[in-house]
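Heads up, the thing below is written out as structure tokens.
Nothing here was measured: the structure is a model prediction, and the numbers come from that model. Just so you know, ligand 1 is whichever comes first in the structure, and atom 1 is the first atom listed for that ligand.
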Amino acid sequence: MTHSAILDNVKKRNPNEPEFLQAAEEVIASVLPVLEKNPEFARLKLLERMLEPERLISFRVTWLDDRGEVQVNRGYRVQMNSAIGPYKGGLRFHPTVTPSVLKFLAFEQVFKNALTGIPMGGGKGGSDFDPKGKSDNEVMKFCQAFMGELARHIGHRLDVPAGDIGVGGREIGFLFGAYKKIRNEFTGVLTGKGIGWGGSLIRTEATGYGLIYFAENMLQNVGSSTKGKTCLVSGSGNVSQYAIEKIIQLGGKAITASDSNGVVVDEAGITMEKLEFLKELKNNRRGRIKEYADKYKCTYLSIDAKAEYNPLWNIKADCAFPCATQNEINAKDAGNLVKNGVKLLAEGANMPTTIDGINIVLDNGVMYAPGKASNAGGVATSGLEMTQNYMGSNWTREEVDAKLVGIMKDIHDTSLAAAKEYGSPGNYMAGANIAGFIKVAKAMQAQGVI
Ligand code: NDP
Ligand code: 2IT
């Protein structure tokens, strides 16, 4: 089948799922040369099979808020592909969560997890529950109700969820407690657990650190490094915080952070001390980023979600690291990045750049790393957490960090090699899609038509 025939078919089957179709379109275009070289993959309809979730679970979540009012949310788990290992991927709690969003995330997760070299299949889940403005007690009540249903569908050898937007250490704790109570077993059914009850050192830092390790590999590949580079970072959550930390540690200068309301531009550079304030503000007080601008007297730019472009991507810099959410860089933003001299765009978020945006940066010679390669450090370290749980012992901080550094280099090198082999030298997007696809395709081929 041609690119457009496969894509048309996916469109017909998933008519109201723009995010899923966007993720699918990018991968289909990248892997066509593989299907041409391996007609057996095409005959077995491996790509078509990968585009269909093995299982999609949707359930009602009912809970009582602090006023005693009944609240009704929707919960989901998309079990996308288990060819190379148990389903693995995060849970997202955000009002924008829909089956389309979770299917795009689960689909990308399959390729990302394959790239890590750790045997993990792909999945994603979550709810339209909005943790913003909720008390700890309400978040706990919701997590317990959510796990009340999810528990029957997951397990440490079956499906191992973790965090994503709106799900951090607090939520994983409540979810784990609920699972343990329901199933009466202590297993590594979730990752991102606390240190002291099954968690791995470095898991909290891993996505952000891994992103900057990946970018460092890209820069070193062209004889440069992070040192001295001015960097734009979006978001102010888990991924952003540790991306900023690693940029500082490698001698770069991070000058922005944001939340859904606005952007702070700190021309002097975010220091470790300012970053501690940001972590306290976001993780403990759960406040808004404007407080940072007020405290450190720097520029604050409001974000208007309906505006043509995001002011964050219209600032002079060398590198850009989107770490907030999907489609935060559109074609106009991509044009602004190019205009402002940005030479490297590496994605911490999942699918933060639209297809038009990607084409613009690639056409203008910007080095571009897709999230499924550059943000894979988080799930890779989740894989290391699973391994430690299975072994029943723990690695040190240095051991886990060294493994993370090695995995990011491997993903970098594998993506570049696959891109070259299939005729798109230097194109990390093509390379990551191809390398991830081949790994999963071979496993599916060996396991028969199921
Ligand atoms: P957090 O919930 O910790 O932080 C999310 C950040 O993004 C917040 O600053 C939030 O601002 C902002 N944000 C969320 N939605 C929007 C939106 N619609 N518009 C503008 N800003 C928004 O999440 P993470 O840091 O964990 O995740 C960030 C991204 O990284 C996501 O794309 C996620 O899928 C991806 N990722 C996460 C991994 C992980 O290990 N956690 C691993 C790999 C990828 P506000 O507070 O205003 O909502
Ligand atoms: O998008 C992602 O890779 C994550 N949210 C992390 C998933 C995981 O299982 O650690």
Side-chain angles (χ1 to χ4, degrees), residues 19 85-97 101-102 104-113 115-116 118 120-126 130-133 159-172 188 190-193 199-200 202-211 233-244 257-264 278-279 281-283 286-290 292 303-305 310 312 321-329 347-353 370-386:
E19 294 87 0
Y87 307 106
K88 179 82 196 88
L91 295 170
R92 178 176 291 191
F93 292 169
H94 196 273
T96 56
V97 163
V101 167
L102 296 179
F104 114 64
L105 288 162
F107 182 65
E108 297 239 313
Q109 199 81 45
V110 173
F111 296 81
K112 184 194 305 192
N113 294 4
L115 287 168
T116 66
I118 299 171
M120 299 182 288
K124 201 88 188 189
D130 185 0
K132 264 200 209 100
D159 183 354
V160 182
D164 193 79
I165 292 177
V167 178
R170 174 183 62 169
E171 290 74 19
I172 293 294
L190 295 164
T191 59
K193 300 183 292 299
S200 172
I202 304 277
R203 174 60 188 91
T204 308
E205 297 90 332
T207 311
Y209 279 16
L211 170 66
V233 178
S234 67
S236 48
N238 173 267
V239 181
S240 317
Q241 291 170 14
Y242 291 98
I244 293 171
S258 67
D259 60 21
S260 48
N261 297 114
V263 182
V264 291
L278 182 69
K279 286 181 187 170
L281 170 69
K282 283 292 173 184
N283 306 346
R286 299 179 191 274
R288 309 309 296 161
I289 196 129
K290 185 165 188 310
Y292 180 105
I303 293 183
D304 171 3
N310 181 338
L312 199 160
F321 299 104
C323 297
T325 192
Q326 63 271 10
N327 293 329
E328 53 172 314
I329 298 182
E347 297 179 340
N350 287 305
M351 206 171 74
T353 317
K372 59 170 81 70
S374 49
N375 74 31
V379 75
T381 309
S382 279
L384 300 176
E385 181 172 331
M386 289 166 72

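The N/O atoms of Lys124, backbone and side chain alike, include none that comes under 3.5 Å of an N/O atom in ligand 1. Of the N or O atoms in Asn375, none lie within a sub-3.5 Å distance of an N or O in ligand 2. Here's the thing with Cys323: none of its N/O atoms is less than 3.5 angstrom from an N/O atom of ligand 1. The shortest N or O to N or O distance between Asn238 and ligand 1 is below 3.5 Å. Remark: ligand 1 and Ser236 share an N or O pair separated by less than 3.5 Å (distance only, no angle test). In terms of polar-atom proximity, defined here as any N/O pair under 3.5 Å, Asn261 makes no such contact with ligand 1. Inclusion of Thr207 in the set of residues having an N or O under 3.5 Å from an N or O of ligand 1 is warranted.
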Evaluate salt bridge (charged side-chain N to carboxylate O under 4.0 Å, His left out) for Asp259 paired with Lys290, printing each intermediate quantity in order.
CA-CA 9 Å; Asp259 60 21; Lys290 185 165 188 310; over 6 Å; no
Might you work through the side-chain hydrogen bond (donor to acceptor under 3.5 Å, both in side chains) test for Arg203 and Thr191, ending with a clear yes or no?
CA-CA 8 Å; Arg203 174 60 188 91; Thr191 59; 4.8 Å; no
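Atom 17 (C) of ligand 1 has Thr325 CG2, 3.5 Å as its closest protein atom, hydrogens excluded (heavy atom only). Nearest to atom 29 (C) of ligand 1 among the protein's heavy atoms is Ala324 O, 3.2 Å. Here the heavy atom of the protein found nearest to atom 48 (O) of ligand 1 is Lys132 NZ, 2.9 Å. The single protein non-hydrogen atom nearest to atom 4 (C) of ligand 2 is Lys124 NZ, 3.7 Å, given as residue, atom name and distance. At the shortest separation from atom 10 (O) of ligand 2 among protein heavy atoms lies Ser382 OG, 2.6 Å. The protein heavy atom nearest to atom 6 (C) of ligand 2 is Arg203 NH2, 3.6 Å. The single protein non-hydrogen atom nearest to atom 9 (O) of ligand 2 is Lys88 NZ, 2.7 Å, given as residue, atom name and distance. Of the protein's heavy atoms, Gly90 N, 3.5 Å lies nearest to atom 7 (C) of ligand 2. Protein heavy atom in closest approach to atom 47 (O) of ligand 1: Ser260 OG, 2.4 Å. Given atom 6 (C) of ligand 1, the protein heavy atom at minimum distance is Gly237 N, 4.0 Å. Protein heavy atom at the shortest distance from atom 3 (O) of ligand 2 is Lys112 NZ, 2.8 Å. Taking atom 2 (O) of ligand 1 as the reference point, the nearest protein heavy-atom neighbour is Gly166 N, 3.0 Å.
Each of the atoms 45 (P), 46 (O), 47 (O) of ligand 1 lies under 4.0 Å from some heavy atom of Arg288. Less than 4.0 angstrom separates some heavy atom of Gly235 from each of these atoms of ligand 1: 9 (O). For ligand 2, the atoms closer than 4.0 angstrom to any heavy atom of Ala162 are 8 (C), 9 (O), 10 (O). Close approach of ligand 1 to Ser258 (heavy-atom distance below 4.0 Å) involves ligand atoms 9 (O). Within ligand 2, counting atoms from 1 as listed, the ones closer than 4.0 Å to a heavy atom of Asn350 are 1 (O). The contact set between ligand 1 and Arg203, taken as ligand atoms under 4.0 Å from a residue heavy atom, comprises 40 (O). Counting the atoms of ligand 1 from 1 in the order shown, those under 4.0 Å from a heavy atom of Arg92 are 31 (C), 32 (O), 33 (C), 34 (O). Counting the atoms of ligand 1 from 1 in the order shown, those under 4.0 Å from a heavy atom of Ala349 are 29 (C), 30 (O), 32 (O), 35 (C). The contact set between ligand 2 and Gly163, taken as ligand atoms under 4.0 Å from a residue heavy atom, comprises 4 (C), 5 (N), 6 (C).
Checked by atom type and distance alone, the side chain of Glu347 never pairs as donor or acceptor with a backbone atom of Lys372 at under 3.5 Å. At distances below 3.5 Å, at least one donor-acceptor pair connects side-chain atoms of Asn375 with backbone N or O atoms of Gly348.
Heavy-atom separations between Ser234 and ligand 1 are all 4.0 Å or longer. The closest approach between a heavy atom of Met351 and any atom of ligand 1 is not below 4.0 Å. Contact between Gln326 and ligand 1 is absent, with no heavy atom of the residue lying under 4.0 Å from the ligand. Ligand 1 lies less than 4.0 angstrom from a heavy atom belonging to His94. Contact annotation: Gly168 has no heavy atom less than 4.0 Å from any atom of ligand 1.
At a distance under 4.0 Å, a protein heavy atom can be found next to atom 39 (C) of ligand 1.
The heavy-atom pair separating Ala380 from Ile118 by the smallest distance is O-CD1, 3.3 Å.
Each of Asn310, Ile329, Leu312 was compared with Ser234 under the side-chain contact (heavy atoms from CB on, under 4.5 Å) criterion, and only Leu312 meets it.
Heavy atoms of Arg286 found under 4.0 angstrom from ligand 1: none, in either backbone or side chain.
Considering each of Thr191, Asn327, Ile165, the one bringing a non-hydrogen atom nearest atom 5 (C) of ligand 1 is Ile165. With atom 44 (C) of ligand 1 as the reference point, the heavy atom nearest to it among Gly210, Gly371, Gly378, Gly348 is part of Gly348.
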